[in-house]
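Note that this is a predicted model, so its numbers are computed, not measured.
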Amino acid sequence: MTSEIVSVIGGKETSNGAAYESVNPARVDEVVARVRLADARAFSSACRTAAGAQREWSRVPAPVRGRVIASIGRLVEANAEELARLVTREIGKPYAEALGEVREIVDTCDFFLGEGRRLYGQTVPSEMPDKNLFTFRVPVGVAAVITAGNFPVAVPSWYLVPALLCGNAVVWKPAEYAAASAHALYRLFVAAGLPDGVLNLVLADGPATFEGLEAALAEGTLHKVGFTGSTEVGRRVGELCGRHLQSPCLELGGKNPMVVMPDADLDLAVEGALFAGFGTAGQRCTSLGTVIVHESVHDEFLRRYERAVAGAAIGDPAGDVLCGPLLDRRFAERYEEYLGWIQPHHTVVSGPTGRITPDNPRGDFTGEGGLYYHPVVVDGVRPGDRLFLEETFGPIVGVTSFGTLDEAVDLANLPSYGLSSSIYTTDPASAFRFREGIGAGMVSVNNSTSGAEAHLPFGGNGKSGNGSRQSGMWVLDQFTRWQAMNWDHSGRLQKAQMDVAEIVPDLDFRL
């Protein structure tokens, strides 16, 4: 059954625009949704509409806004299986992972419903009598949220839930190829009682979105941009916001390293590398990029990893599989470019590469009708290789070796991304030395590079982001601004730093 979906601005559907078909990547001849893409004027219009709605929404007491967030969580929980099935159908994410993604929305709502009663400010002592100082968190205003489709419902919730809780209005632009999942989530949010215009859904392509951002920023109807996507596009968004003296929340790509020390539990490390490298078909920002293995265990690790990859189930995402198809044709085409980065000095230890077809099967699985690709493990990557330095969004993992922990840390930092990282070791000293040296925003010890919890800060540095953080209480700094207030009830003008009482010490005193 194919649905027709359109943008929703101020509670009203807008059906004008070019047509786009969101297809099931496991069966590319199956259209999941026919989408009407909005233009730049619709995007900037949505920001104006949001600005009007935000003033009233910000006056709703924060604890009441928290109860709305609680209702969103309960609605998502009640619709979890249906939403997860839609995610699986639209982007090919294995159903078990899709259920976990939906659960993450519920966890996010459960965390933030209480933050409605904890949007604390402070009372600050003044340096003068009869004067009180205060700080308050105030909403930024209108936030534009632009999200990728590899996590079509969980990652948007990291933005939408805290932004709405803090009293902002939102214009949300999801990925076109995940439009049906986004539309379903939007409907669940609105069913919780959000007033018209507080959350607006704009379905648009990249160029129209960027043009709309430019117009809204110039008009002053947009006060915060949250963007999840590639480093390349993130740079453009950051430059645009910078021209308008705004600091965006950027969650970008990753080239996430996993260091395997000589004392590591190799079976555990292999399990982590399998999930991080090939779960969601390697299409997470936190997916494993390069395994950096100590030279003394390199061969044994590789032997076990090769065996684990060979035994991993790939196929229909509705079944019990490690990974299904790639997200969309555009990602399949880009992934084939990455395969072209394999050089003569590399060794592909995992078997066939490329698309799984009847002529290039994976065992008995021929991948017919879907965008299925062989998982690839490449040994012998070097620090100057593109496979080592650049993000490869898809099921390909590089392997290299090291001699000392300092060398491993240098290798891990070399690509200049800084999202996630991992070390497998039984030595606490090694774990803490790695944490101190790595430039990543997130560090795992004896765990994979993938996996986030709703109450822990998520985000990266360098090519992976501008240091902003999502999730937990830290994201409140993205969607609120601090306002300082001083209240002088002395009845006279007291000038700071000038009319301050001075108590003179006897600094010549000695015992």
Side-chain angles (χ1 to χ4, degrees), residues 51 54-70 72-73 107-143 145 157-170 198 220 222-226 241 244-251 441-442 452-461 465-503 505:
Q54 189 269 333
R55 288 187 286 272
E56 290 302 317
W57 178 241
S58 67
R59 294 188 181 104
V60 174
V64 177
R65 297 196 301 260
R67 291 205 296 271
V68 175
I69 297 303
I72 293 170
D107 293 345
T108 299
C109 290
D110 285 351
F111 179 87
F112 280 104
L113 66 91
E115 290 304 302
R117 297 182 182 275
R118 288 190 297 270
L119 286 177
Y120 298 143
Q122 300 95 12
T123 56
V124 182
S126 173
E127 62 189 22
M128 286 178 273
D130 299 321
K131 187 177 182 181
N132 296 100
L133 309 179
F134 308 91
T135 67
F136 300 88
R137 282 192 183 272
V138 297
V140 296
V142 174
V145 171
S157 76
W158 297 355
Y159 291 104
L160 303 181
V161 168
L164 295 169
L165 174 80
C166 291
N168 303 285
V170 177
V198 171
L222 179 57
H223 312 100
K224 185 73 180 184
V225 178
C241 291
H244 293 272
L245 303 181
Q246 287 197 24
S247 174
C249 180
L250 300 177
E251 199 278 283
M442 298 178 290
E453 297 191 35
H455 50 286
L456 199 65
F458 184 99
N461 311 312
N466 59 347
S468 54
R469 293 294 180 265
Q470 298 170 304
S471 300
M473 63 183 183
W474 300 270
V475 75
L476 297 177
D477 289 332
Q478 297 300 316
F479 294 110
T480 57
R481 292 178 177 142
W482 284 109
Q483 183 182 65
M485 174 181 174
N486 75 82
W487 186 342
D488 194 319
H489 51 91
S490 67
R492 59 190 177 88
L493 176 64
Q494 299 189 90
K495 298 183 285 295
Q497 293 88 45
M498 298 171 65
D499 296 335
V500 180
E502 184 177 0
I503 298 176

Shortest non-hydrogen contact between Q470 and E251, atoms and distance
OE1-CG, 3.3 Å
Rounded to the nearest 0.5 Å, what's the gap from CG on L164 to CZ on F112? Could you check?
11.5 Å
CA sep, side-chain torsions, deciding dist, call: K495, M128, side-chain contact (heavy atoms from CB on, under 4.5 Å)
CA-CA 9 Å; K495 298 183 285 295; M128 286 178 273; over 6 Å; no
When you measure from the side chain of E115 to the backbone of C166, do you find a donor-acceptor pair of N or O atoms at a distance under 3.5 Å?
no
When you measure from the side chain of R469 to the backbone of G460, do you find a donor-acceptor pair of N or O atoms at a distance under 3.5 Å?
yes
Determine, step by step, whether V225 and C249 satisfy the side-chain contact (heavy atoms from CB on, under 4.5 Å) criterion, reporting the C-alpha distance in whole Å, the side-chain angles of both residues, the deciding distance to 0.1 Å, and the verdict.
CA-CA 6 Å; V225 178; C249 180; over 6 Å; no
Closest approach of F479 and A143, non-hydrogen atoms and distance?
CE2-CB, 3.9 Å
Grab the two heavy atoms, one from K224 and one from V140, that are nearest each other, plus how far apart they are.
CB-CG2, 3.8 Å
With a 4.5 Å cut-off on side-chain heavy atoms, are H455 and M473 touching?
no
side-chain contact (heavy atoms from CB on, under 4.5 Å) between W487 and F134, worked out:
CA-CA 8 Å; W487 186 342; F134 308 91; 4.2 Å; yes
Check against side-chain contact (heavy atoms from CB on, under 4.5 Å), Y159 and Q478
CA-CA 9 Å; Y159 291 104; Q478 297 300 316; over 6 Å; no
Tell me if a side-chain donor or acceptor on R481 pairs with a main-chain N or O of P139 at a distance below 3.5 Å.
no
Minimum-distance pair of heavy atoms, taken over all atoms of L160 and V170:
CD2-CG1, 3.6 Å
Report the distance from atom OG1 of T480 to atom CG of L165, rounding to the nearest 0.5 Å.
10.0 Å
d(R117 CZ, R65 CZ) to nearest 0.5 Å is 12.5 Å
Rounding to 0.5 Å, atoms CG (N132) and NE2 (H489) come to a distance of 4.0 Å
Minimal non-hydrogen separation, N466 against S247, with atom names:
ND2-OG, 4.2 Å
Can we say R137 and D477 salt-bridge, meaning some charged N sits less than 4.0 Å from an Asp/Glu carboxylate O?
yes
For the backbone of A163 and the side chain of N168, can you confirm whether one donor and one acceptor N or O come within less than 3.5 Å of each other?
yes
Of all heavy-atom pairs linking L133 and P125, the shortest is CD1-O, 3.6 Å
Rounded to the nearest 0.5 Å, the OG1 atom of T108 sits from the CD1 atom of I69 at a distance of 10.0 Å
Donor-acceptor pair, H223 side chain versus V142 backbone, under 3.5 Å?
yes
More than 12 heavy atoms of other residues, nucleotides or ligands under 6.0 Å from CD of E453: is that the case?
no
Roughly how far apart are H244 NE2 and L222 CG, rounded to 0.5 Å?
9.5 Å
Judged by modelled atom types alone, do Q494 and K131 share a side-chain donor-acceptor pair under 3.5 Å?
no
What about the rings of W158 and F458, do their centers lie closer together than 6.0 Å?
yes
Does G167 offer a backbone N or O that forms a donor-acceptor pair with the side chain of S58 under 3.5 Å?
no
